Amino acid sequence: MIMSIEKVMEYLFTRIPNSLPPELFAGLLEQLAWLMDDNGKDIYQVIDGWLNSDDKEKVKIALAITDVLLLESDEAYHTTVARIVERWPELEPMCIKFQQLWEQNKK
């Protein structure tokens, strides 16, 4: 049976305890990305989808990614952060860190 990385990630996501900090799961996904022959491209594609998810826990995991910049422009970062904070105001501190990562590393 062949399983896509998206299905594997979804499976793992459904099995993590609610008490697990999103940063820990994000870190595990980042480590897995280093092992992949595509340098994690497929993993980060899935995580990008999670950033736009209706599932707050998936959004939190995506916001906790620090090894790569998930978006490609100031506008994309501002729009994404504004949408997330409007929906989940309690995620504003994570969004600020996410935005700061972009500001510190953008080209």
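None of the values given here were measured: they were computed from a predicted structure.
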Review item, side-chain donor-acceptor pairs of residues 12-33, under 3.5 Å, at least two apart:
unit_1 : atom_1 : unit_2 : atom_2 : d
T14    : OG1    : Y11    : O      : 2.7
R15    : NH1    : Y11    : OH     : 2.7
E30    : OE2    : T66    : N      : 2.5
E30    : OE2    : D67    : N      : 2.7

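Heavy atoms only, all atoms of each residue included: V81 and C95 are closest at CG1-CB, 3.7 Å. When all heavy atoms of E10 and W50 are compared, the pair lying nearest together is OE2-NE1, 3.1 Å. Heavy-atom minimum distance, L69 versus W102: CD1-CE3, 3.7 Å.
Every residue two or more places apart in sequence or in another chain that forms a side-chain hydrogen bond (donor to acceptor under 3.5 Å, both in side chains) with E57 is listed here: K60. Looking at residues two or more places apart in sequence or on another chain, you find a side-chain hydrogen bond (donor to acceptor under 3.5 Å, both in side chains) between E90 and K56. A82 meets the side chain to side chain contact (heavy atoms under 4.5 Å, CB included) test with no other residue; sequence neighbours excluded. Residues satisfying the salt bridge (charged side-chain N to carboxylate O under 4.0 Å, His left out) criterion with E72, sequence neighbours excluded, are absent altogether. For E6, there are no salt bridge (charged side-chain N to carboxylate O under 4.0 Å, His left out) partners at least two apart in sequence or on another chain. The salt bridge (charged side-chain N to carboxylate O under 4.0 Å, His left out) test applied to D54 returns R87, not counting sequence neighbours.
For the pair I65/L51, no side-chain contact is recorded, criterion being any heavy-atom separation below 4.5 Å from C-beta on.
Residue pairs meeting the side-chain hydrogen bond (donor to acceptor under 3.5 Å, both in side chains) criterion with at least one partner in residues 38-47, sequence neighbours excluded, do not occur; the list is empty. Sorted by first and then second residue, the side-chain hydrogen bond (donor to acceptor under 3.5 Å, both in side chains) pairs involving residues 75-86 (not counting sequence neighbours) are N52-R83.
Grouping the Ile, Leu, Val, Met, Phe, Trp and Tyr side chains by contacts below 4.5 angstrom, directly or via other members, places L70 apart from I96. Connection of M9 to M36 is established within a shared hydrophobic cluster, with ILVMFWY side chains joined at heavy-atom distances below 4.5 Å, either directly or through further cluster members.
Rounding to the nearest 0.5 Å gives a distance of 5.5 Å between CG of D74 and CD of E103.
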Test side chain to side chain contact (heavy atoms under 4.5 Å, CB included) applied to L91 and F98, step by step = CA-CA 11 Å; L91 296 186; F98 181 73; over 6 Å; no
Test V68 against I47 for side chain to side chain contact (heavy atoms under 4.5 Å, CB included), laying out the working first.
-> CA-CA 11 Å; V68 299; I47 293 170; over 6 Å; no
Q100 and Q104: CA distance, side-chain angles, deciding distance, side chain to side chain donor-acceptor pair (under 3.5 Å) verdict | CA-CA 6 Å; Q100 287 173 338; Q104 294 166 358; 5.3 Å; no
